[in-house]
Each structure stands twice: as structure tokens, then as C-alpha cells.
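So the structure is just underneath, and the comments pick up after that.
Remember, it's a predicted structure, so these values are computed and weren't measured experimentally. So that the names make sense, note that chain A is the first sequence line, chain B the second, and so on, each numbered from 1.
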Amino acid sequence: MLKQKNAVKEFFRKVPPLIFIAIVWIIAVFLIAIFHKFIMPQDPVATDLVNRLAPPSFMGGDQGFFGTDALGRDTLSRLIRSIYTSLTVAFIGSIITAVLGTIVGFIAAHFKGIVDEILMTLVDFQYAMPFMIMALLVLAFFGNNIILFVILLGIQGWMRFARLARGMALSAQEDGYAVAVKQLGATPFRIYARHIFPNVSNIIIVQFTLNFPQKIIVETSLSFIGLGIQPPETSLGSMMAYGRGYLMSQWWMAVIPGIVIFLTTLAMSIVGDWVRDNLDPTVVK
Amino acid sequence: MTTGIINLDKNKNSSSIMQIKDLICHFSVKSETMFGKKRRLRAVDGINFNVKKGETFGIVGESGCGKSTTAKLVLNMISPTSGEVLYRGLEMTNLKPAKWRALREDMQMIFQDPLGALDPYMTIGKQIKEPLDIHKIGIPRERREKVIKILASVGMEDYMYDRFPHEISGGQRQRAVLARALILEPDLLVCDEPVSALDVSIQAQVINLLKEIQKDRGLTYIFISHDLRIIRYICNRVAVMYLGKIVEEAECGELFKNTAHPYTKALIASIPVPDPSFKKERIILPGEPPSPVNLPRGCRFSPRCPIAIDKCRENEPLLEDKGNNHKVACYRPGEL
């Protein structure tokens, strides 16, 4: 325990200021998402047609901090709700991606031969195919529902995890501990789940932090073009899309969620890169 | 300890626990040219031996002679090209994975590099407990106690249970690896260079520990090493390997007293003597061992043998009993 405490102290000592700000921002966004029910000043779907299109309070409005939209809904409440939806969808999607990709990678590494060939061809195919086109196709054919949307997000980027996991499992198989545990009579499942996975998990975690902001971007992009989160539910992307129609007159409606998306994904990318550089000894600083 | 799945006839061949018959293991090597013939690396090229219950059978040879491959073949961790590995009369080479795993309760291995053989992300105690979890021995609550007991029997303290491999010393790591192998109460333990990664003082401790455990539990060891001093100290019988073949096999005392094969003689002559005034006759072999991809004609040792005759370069000598259970593969045994 003492050692862990020291490690945490050491960690905070060597964090550069920019990274620190980014981490604070990410934590704040996550806290907003977790406690959105308690901090929303108003119901995000309650309309108030008398007070429509009010400017933010710092621009002279009197209808809440970020004003209201064309139906008189409170923008701040909708923003908080959007952060919750976007982060939840992206987070679940990232977990699906990580699990799917890692399992595929381990299977390819374990069975080798034809199984490996087929799975890695699939990975190459996924790399070559733009994800947005695939997403548009699937959503156009099957229509939109939230579960399909999350699964679709889960497919984005799985091939990176698969390649990483395969490569690392291939080298871990030759490591002494894997041979030794196999020799004790362990089943392959046990070797992968209890020994190889913990040994390669930091690299998977880094890939997760790099994948997560991409998920937010994909979610907002699809919501922006109307294929993602559907009203009355709101997400950062659909808020932006909604605000787009008022860009000339009420520009803040699109810009406010845009800034949140920009800052959140930027912060996550910065932190992800930094974590990778600090965990991977092969990266020369 | 025997598993339920496999019924082993423990009475049949009761004196011999492991029989190796004409074991061959070749690896294919990429040819140097694009369309050239695929070549074969003859790692193990037709070996025979019997390991008796309760003895320590030593395999000695220089690096690259196929010792470690033999160890893996004996435990069936790799499949041989041909030949038989009989454990108490059970043919092991084509076992189904589940049966193979079940048999691990009977035979275990300890490795050269104890740090590599331990999972860096798991505590020592959990790793020693793992074989019990794998083979579902005892109820989970009792397993921890069993681990503590086995830790004590290899000379480790209780608190080591919660240590990680990088937090303990090399000798303790090898003790932990040994404990992990012993917790299943195997009959056969294959030791692949178990002490060559350790300091000399620690080597002695681990070797003595191995001897003690053998006395207590009646274990059978197959002991692989390049160090003749250790072999001499611990083994009952010794096989000398050269380029994938056994060139000489005898009781330990007999081998050192009446050395027959010139290669064994050279090996023994190379043992350092801790006495600076002692002038020993040294046998220096010319050249290096030939590549196991490209073996010489006749006796494999003939290009380096100081007493080779024409016959040696033409025909390969067979391993034959020269009396006193002393087997030699040489046309001119004992003449060097």
C-alpha cells in the first residue's frame, strides 16, 4: 500500500501542467456525466415557447446561463444531458471495441495458421474500409435504434486492438511464464485470461484512451447528420446539428457544444499520448 | 499421485518410470536460396534411455547438443518427429490435450530462468497455488495453507506469499518455481539447467534442497546441465549428449572412473580444479561442434576427435553396452 501511495505522489510530481489541466477537464466532464441528474438546472426537454432563443446570460440574456433554444429549452441543461449521453455511448462503445478486438487478437495468436489468416484479412479489410461509409450503410438499412448504434460504435477501431493483442500475445506465448503455466496443465483460456492479459493490459489501456475520443467524434458526427442519437434524447452532435440552422443569428447554439466536443477529445488525446509515452519504454523521449 | 482419467499400470515396468525409444526431433530450417531444398536441423537424432524410479538421471552436453529439446520431448511439450516416450508404459506422444493436462500432475519441470518462469503480475503465493486451482485439488480454503506448508519445505517464509517475483532474490525465485512444481506432488521432475542462472553459493543451496526433497518424497529427477561438477554431485546415472545423440551412458561413478568416449574425456578434463598448483593434463578439442543442420559423415564427433580413424569417418558407431551397464558409441572406447 505504501508503495502505491508513493507511486501516486510521484505520478503527480512529474505531470506537466498541460497534462494536468487536461486531466482536470476530463475528470470534470466525467463528473458532470455521472451526476447530470442532480446538476441540471431544468428539465432538458421542458419547452417554454415564450422565452425562445434567449442568448446566454453573459451576453445579456435572462433565461439561464447558456440561454434557450428555438423551443425554449434550457441550453445548459441540454448540454449537461448531452455530455452524459455522448460519454456513455462512447464509453460503452470503447469497451465493446476493446473486448472484441482483444479477443479476436488472442484467438488469432492462439490458433495461428488459417484462423490467423482469416482474422487478419478481416482486420485489413476493416482498415481499408472507411468506417463512416459502413456506419451510414448499416444505419440506412436497419434504421436507427440506440442498441444498434452502440454496437456500431463498438466496431469502430476494433482492428487496432486486434492487431495489438495478436502481436503481444504472440510474443507473450514464448515468454517463460506462459510456457511454465501451460506446463502446469492450465487450459489456454486460463493462460490468456489470467496471465497473458494482465501482462499486456497497459498497452490495451493506452489504446483504449486513444480510442475513446475517436468514439466521441464518431458519435457526434453520426448524430450531427441525423443518424445517431434521435430526439427527444440529445447528444453533443445532435445539439450541434440543431444549432447549425441558427448559426447566423444565434451562433452560440452550435458553438457551445462544439467547444465541449473539441476540448474533451483534445484533452483525452493529449492524455492518451502522454500515458502511452510514459508506459511504453520503446518510445524515445 | 495419479489422475483419474488415465489408468496407469504402476506395476508394469515398476523399475522404470520413463522410457525413451528411438526419439527423433527434427526442425525444418529455411534454405539459404529461394528455391533450395528445405533443410533439417537434427536437434535430437535417435536417442534411447530408461529412467528408473527414484533415481536422478543426468543429461550433460555443451550448448546446442539437444539437451533442452530432450527435456521438452520427455514432457511432451513438443511433439517428436518419430519415436516413443513411454511414461509408466503409457505412450505420451499423441495424447489429447485434456489427458496431457491431467498428466501434468505426475510430471513437472523447473526452468533455467526462474524470473522468466514466474508471471511478473502475480504474487508468489498465488502462482504456487495455481496448480491446485488448475487441477482442482482440495477445497479453496485449504489451498492457501498447503502453499504455506510447501513454502516452508523449500525454505521460504510465510510472508513471501504476498511478494511479487521482482521483489525477491534469484535463489528464492528458483525455490518458488520448485515449490510450484512440487505442490502437485509429481513423481517425475525434469530440471532443465535449474541452477545455471544462479550464483555459485546459491547453486549449492538449491542443489542440496533438490537432494533433500528427493530423499523425502522419493522423486525421480531428470537433471539437465552443462556443468559436470553438479551432475557428478547429484546424479545416479548420466548420459552424455553430442549433437543430438547420446555418446555415452553409465552409472555416475563408472562414467567418471572409466571414461570411455573421447568426448566425455575432454569434457571431464575441462572441469576446473580449485587448486592453482595442480597441473592437469588437458584435452583441447580442435574446432567447434558442426552445425546440426549439416552433420559430418560417420561419427559426429570424428572431425574433432583426436583418436579418430578412417572407420570413424565412414560409419557411425552405435551405442553399445561394453559391460557393467556402461554404454558407449565409439569404435575406440577408452583409448584416449
Checklist line | Whether over 12 other heavy atoms sit under 6.0 Å from B:Lys149 NZ | finding: no
Note to self: Could you tell me if the side chain of B:Ile137 sits less than 4.5 Å from the side chain of B:Arg143, heavy atoms only?
What the structure shows: no
Next item on the list: Evaluate the ring planes of A:Phe212 and A:Phe30, with Trp represented by its six-membered ring, and classify them as parallel (under 30°), tilted (30 to 60°) or perpendicular (over 60°).
Entry: parallel
Next item on the list: Kindly say whether the aromatic ring centers of A:Phe197 and A:Tyr192 come within a distance under 6.0 Å.
Entry: no
Next item on the list: Answer with side chain, backbone, both or neither: which region of A:Thr187 has an atom nearer than 4.5 Å to a non-hydrogen atom of chain B?
Entry: both
Notebook entry, point to check: How would you list, in number order, the residues of residues 107-127 of chain B that have a heavy atom less than 4.5 Å from chain A?
Noted result: B:Met107, B:Gln108, B:Met109, B:Phe111, B:Gly116, B:Ala117, B:Leu118, B:Asp119, B:Pro120, B:Tyr121, B:Met122
Next item on the list: Check the surroundings of atom OH in A:Tyr127: do more than 12 heavy atoms from other residues, nucleotides or ligands lie under 6.0 Å from it?
Entry: yes
Margin query: Quick check on B:Lys67: does its NZ atom have over 12 non-hydrogen neighbours (other residues, nucleotides or ligands) under 6.0 Å away?
Written below: yes
